[in-house]
Enquirer: 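The structure is given below, and queries will be raised subsequently.
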Amino acid sequence: MINLVLFGPPGAGKGTQAERIVEKYNLHHISTGDVFRANISAETELGKLAKSYMDQGQLVPDEVTIKMLISEVDKNPEAAGFIFDGFPRTKPQAAALDEILESKGTSISSMLALDVEEDELKDRLKKRAEVSGRADDADPEVIQKRIDVYKKETAPVKDFYSEQGKFTSINGMGSIDEITNRLFEALDKLS
Ligand code: B4P
C-alpha cells in the first residue's frame, strides 16, 4: 500500500500532478483545499469558517482541518492507498496523520515535495485567477500572504519527513509532462 504526501508551496502543481498520479497508481486522492472549496460552495458551517481563513491567505485551524481529514480517510476504507494533497501543512497535522494511519495499520510511504521558484508560483496563480474564480488567487497581497505562511508554517513539515527518511525533493519547474515524469520515476522506486 502506497500512501503519499504530495507537498509544495501554493501553485506548485500539487492538484495538477495529483490527478495524473491517481490515474496511474490507483490511489484515493484527498485534497484538503478541494474539500474546503466544496464546503464553501455548499455553504456549510465548515465552509463558512474555512472561507474566512482562505480569503485572507491564512491556514484553516489545525483542529478543524485534522477532524475533516479523519472523516475523509474513514469514508474510504477500501482505498488501496492515499495521496494527500495539501495536507499536512503544519507539524501538528503531520503528527496527526501518522497517528491516523498507524491506527489503520499503515503509514506514509513518502513525501514528494515540488520545488518551484517564487516568481513562477506567482505567475501560475495569476494565470489561474483568470479562470478559477478563486478569491485567494485574485489578489496579489493574498498570494504573497499564502507564500509567506508556507515558508513560516508549512515548509518545516519537510523536516518531519526528512527525520523519518521519507523526504524526496522533485524539481517542479518545467512543463507539466516533464514534472509528471519526474514524479512517476520517484514513485516507481517505491512500488
Ligand atoms: P490548495 O487548494 O491546496 O491550493 P494551492 O496550494 O494554492 O494549490 P495547488 O498547489 O494544488 O495548485 P496547483 O499547483 O495545482 O489550498 C487552498 C487553501 O486552502 C490554502 O491556502 C489554505 O487556506 C486552505 N487549506 C488547504 N489545506 C489546508 C491544510 N491542510 N491546513 C490548513 N489550511 C488548508 O495549480 C496552480 C496553477 O498552476 C494551475 O492553474 C495549474 O494549471 C498551473 N500549473 C501547474 N503546474 C504547472 C506547470 N508545470 N507549468 C505551468 N503551469 C502549471
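Counting starts at 1 for both ligands and their atoms, in listed order.
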Enquirer: Residues in side-chain contact (heavy atoms from CB on, under 4.5 Å) with K24, at least two apart?
Expert: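 Partners of K24 by the side-chain contact (heavy atoms from CB on, under 4.5 Å) criterion, ordered by chain and then number, come out as F184, D188.
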Enquirer: Quick one: do K48 and E45 make a salt bridge, cutoff under 4.0 Å?
Expert: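 Yes.
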Enquirer: Could you list, one pair per line, each nitrogen or oxygen of ligand 1 together with any protein nitrogen or oxygen closer than 3.5 Å, giving atom names and the distance rounded to 0.1 Å?
Expert:
| from | atom 1 | to | atom 2 | distance (Å) |
| --- | --- | --- | --- | --- |
| ligand 1 | 2 (O) | R37 | NH1 | 2.9 |
| ligand 1 | 2 (O) | R37 | NH2 | 2.8 |
| ligand 1 | 3 (O) | R89 | NH1 | 3.2 |
| ligand 1 | 3 (O) | R89 | NH2 | 3.2 |
| ligand 1 | 4 (O) | R134 | NH2 | 3.3 |
| ligand 1 | 6 (O) | K14 | NZ | 2.8 |
| ligand 1 | 6 (O) | R89 | NH2 | 3.0 |
| ligand 1 | 7 (O) | R128 | NH2 | 3.2 |
| ligand 1 | 7 (O) | R146 | NH2 | 2.5 |
| ligand 1 | 10 (O) | G11 | N | 3.2 |
| ligand 1 | 10 (O) | K14 | NZ | 2.8 |
| ligand 1 | 11 (O) | G15 | N | 3.1 |
| ligand 1 | 12 (O) | R128 | NH1 | 2.9 |
| ligand 1 | 14 (O) | A12 | N | 3.4 |
| ligand 1 | 14 (O) | G13 | N | 2.3 |
| ligand 1 | 14 (O) | K14 | N | 3.3 |
| ligand 1 | 15 (O) | G15 | N | 3.2 |
| ligand 1 | 15 (O) | T16 | N | 3.1 |
| ligand 1 | 15 (O) | T16 | OG1 | 3.0 |
| ligand 1 | 16 (O) | R89 | NH2 | 3.4 |
| ligand 1 | 23 (O) | Q58 | O | 2.8 |
| ligand 1 | 27 (N) | T32 | OG1 | 2.7 |
| ligand 1 | 27 (N) | G86 | O | 3.3 |
| ligand 1 | 27 (N) | R89 | NH1 | 3.0 |
| ligand 1 | 30 (N) | G86 | O | 2.9 |
| ligand 1 | 30 (N) | Q93 | OE1 | 3.0 |
| ligand 1 | 31 (N) | Q93 | NE2 | 2.9 |
| ligand 1 | 33 (N) | V60 | N | 3.1 |
| ligand 1 | 35 (O) | R128 | NH1 | 3.1 |
| ligand 1 | 49 (N) | R124 | NH2 | 3.4 |
| ligand 1 | 49 (N) | G174 | O | 3.0 |

Enquirer: More than 12 heavy atoms of other residues, nucleotides or ligands under 6.0 Å from NZ of K67: is that the case?
Expert: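 Atom NZ in K67 is not packed in, count stays at 12 or less.
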Enquirer: Do the charged groups of E120 and R124 touch, with an N to O distance under 4.0 Å?
Expert: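 Between R124 and E120 there is a salt bridge, with a charged N closer than 4.0 Å to a carboxylate O.
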Enquirer: Could you state whether L6 and Y161 fall into the same hydrophobic cluster, counting links through intermediate Ile, Leu, Val, Met, Phe, Trp or Tyr residues with side-chain heavy atoms under 4.5 angstrom apart?
Expert: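 No, L6 and Y161 fall in different hydrophobic clusters.
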Enquirer: Less than 4.0 angstrom from a charged side-chain N to a carboxylate O is my criterion; do R37 and D34 meet it?
Expert: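 Between D34 and R37 there is a salt bridge, with a charged N closer than 4.0 Å to a carboxylate O.
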